[in-house]
There are 2 protein chains.
Amino acid sequence: MSPKRLKRKVVPDLQRYFVPAENWEDNRVMITNDDAHHISRVMRSKPGDVIICNHPDGKAVTCQITDITKNHVQAVIKERLGESAELPVNVTIAQGLPKSDKFELVLQKGTELGATAFVPVQADRSVVAWDDKKTEKKMNRFSRIVKEASEQCHRNKIPFIQPVRAIKTLVDESSEYDLKLFAFEEEAKTEEYQSFGMLVSEINPGDRVLIVIGPEGGFSEQEAALLKQNEFVPIRLGPRILRTETAALYALASISYHFEELGCRSCRQ
Amino acid sequence: MSPKRLKRKVVPDLQRYFVPAENWEDNRVMITNDDAHHISRVMRSKPGDVIICNHPDGKAVTCQITDITKNHVQAVIKERLGESAELPVNVTIAQGLPKSDKFELVLQKGTELGATAFVPVQADRSVVAWDDKKTEKKMNRFSRIVKEASEQCHRNKIPFIQPVRAIKTLVDESSEYDLKLFAFEEEAKTEEYQSFGMLVSEINPGDRVLIVIGPEGGFSEQEAALLKQNEFVPIRLGPRILRTETAALYALASISYHFEELGCRSCRQ
């Protein structure tokens, strides 16, 4: 084996915090609440220590801490970082509401794997149903999961979590996407189908891709028909039958591999 | 978009059971224990119903049930199935013992994603330690997880779970593998490294690949040095820092995507 070798910039392994836009002013950043607590009590940082702050626009900077009080940490921007750990394709995962805490697994792992956004979908065969109160309570927890996962995996942006939708609403609002896919094993078993690999090979960096995954019981016939009528392409994700929470992770890992590790945009079957 | 279309054989969606070799005789199969209970009580099957039985050698057959008693189900073989849902590459995941139930997540999802075998590794930075008694108790549970996941995802073979090893032992017994990789983000940040995509592109179907993943704290310097001295190649798995339990899933999903969905053996960077 004599594969080509790549050059890569070394990025320092500093603690990373996502800071809301209103806390940035000129060359200063103010960190508050849980993150301030994390800096002072968990990391036991002192003035002079360096951290990385991420702006919601994706910008990452190194900052030197200048002042620490109980609920606030002041820092001054030192250097803008050129690094980006964002997937070059914008992938939105629309996940049919699964049982127990599987949606949280999809959020955490999907964030690590580079998803841009998540849409919880109240599908016909979803066993659970989320009312408004339940959703609001859950959303706080979900936001924390994607924020912490983004910090841990060194992303530049936190994925966006949309409100719960019905499939119908999702379809009605899907015109903004360049490619719309749905995991539908049954269709992929029929005589003619387009492989996931072929479809991914047609994606261009910057494209917006929507991938819809059914709940444990899959899509109802009505849902599958509606999706197909609206230019959603049925795909299988490998020859094994994946659980609902594994499907999104397979799709994201494959897209990451294709663009970020294989670097092979021109390979077609 | 006008991607090529593929033909695919339709496989019936029947309940699937893995039956030990000693329970096969001529054209008859005997199903016992939990699986017999599942057939009679959970599925409420009757004589005449058809199931799929998998032999440990990977053979899959349809069988017609002839007799059901409390603890035994007799069935007669009808037809051998040509289908295979096995990953064309033999991938062994050596997972540094992680905290809580994350190893079980790796087993379940890794089985769905096509792993051939799993090796739990007692790494320097593993926070947990498994003694013999704990391991034996765990192994029963682990075996059930991979068997159930194999049935659910329609695999032909159940992955093998090896006993707990130290890194040293793993290295000593690694000569049988065609390619040995270890997830080592630090090394991948250095000036020169071989991308995971380039390495996967060199794999041939049937190759035996060993992928070693560190625990939460990663590999110790001694472990990393030992692995490198013994022809284990350091890789990163995408540009984001994956949690230990996500790393194996990324690697398996990527290899599945490369061989089973992209079908692109010749693409090199």
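Heavy atoms only: backbone and side chains are in, while hydrogens, waters and symmetry mates are out. Every chain is numbered from 1, with letters handed out A, B, ... down the list of sequences. No experiment lies behind these values; they were computed from the predicted model shown.
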Nearest non-hydrogen partners of [X] and [Y], listed with the distance:
X: A/S201; Y: B/L262; result: OG-CD1, 3.4 Å
X: A/A85; Y: B/P239; result: CB-O, 4.1 Å
X: B/Y257; Y: A/Y250; result: N-OH, 3.3 Å

Does a sphere of radius 6.0 Å around [atom1] in [X] hold more than 12 heavy atoms from other residues, nucleotides or ligands, not counting ones at 6.0 Å or beyond?
X: B/E176; atom1: CD; value: yes
X: A/K157; atom1: NZ; value: no
X: B/R141; atom1: CZ; value: no

A/F232: what forms a ring-ring contact (aromatic ring centres under 6.0 Å, His included) with it, not counting sequence neighbours?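 In terms of ring-ring contact (aromatic ring centres under 6.0 Å, His included), with neighbours along the sequence ignored, A/F232 is linked to no residue.
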Candidates A/E112, A/E151, A/E260 - the one meeting salt bridge (Lys or Arg N to Asp or Glu O under 4.0 Å) with B/R240: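 Only one option passes, and that is A/E260.
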Sort A/T111 into side chain, backbone, both or neither according to what part of it lies under 4.5 angstrom from a heavy atom of chain B.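 Only the backbone of A/T111 comes within 4.5 Å of chain B.
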Taking every non-hydrogen pair under 4.5 Å, which of A/L87, A/V200, A/T246 racks up the most with chain B?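 Heavy-atom pair counts peak at A/T246.
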For chain B, find which of A/Q108, A/E86, A/R243, A/R155 contributes the most heavy-atom pairs closer than 4.5 angstrom.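 Looking at each option in turn, the highest pair count goes to A/R243.
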Qualifying ring pair (Phe, Tyr, Trp, His ring centres under 6.0 Å) pairs, either residue in residues 81-112 of chain A, two or more places apart: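 Sorted result for residues 81-112 of chain A: A/F103-A/W130, A/F103-A/F142.
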Tell me which of these, B/A149, B/A253, B/S84, B/C153, has more heavy-atom pairs under 4.5 Å with chain A than the rest.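 The option with the most such pairs is B/C153.
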For the pair B/K109 and A/E245, find out whether any cationic side-chain nitrogen is under 4.0 Å from an anionic carboxylate oxygen.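 Looking at B/K109 and A/E245, the cut-off is met.
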Can you tell which part of B/L113 gets under 4.5 Å to a heavy atom of chain A, answering side chain, backbone, both or neither?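 Both backbone and side chain.
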Determine whether A/M198 and B/E261 make a side-chain contact, defined as any pair of heavy atoms from C-beta on separated by less than 4.5 Å.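 No, too far: nothing below the 4.5 Å cut-off.
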With rounding to the nearest 0.5 Å, note down the distance linking OG in B/S254 to CD1 in A/I255.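 Result: 11.5 Å between the selected atoms.
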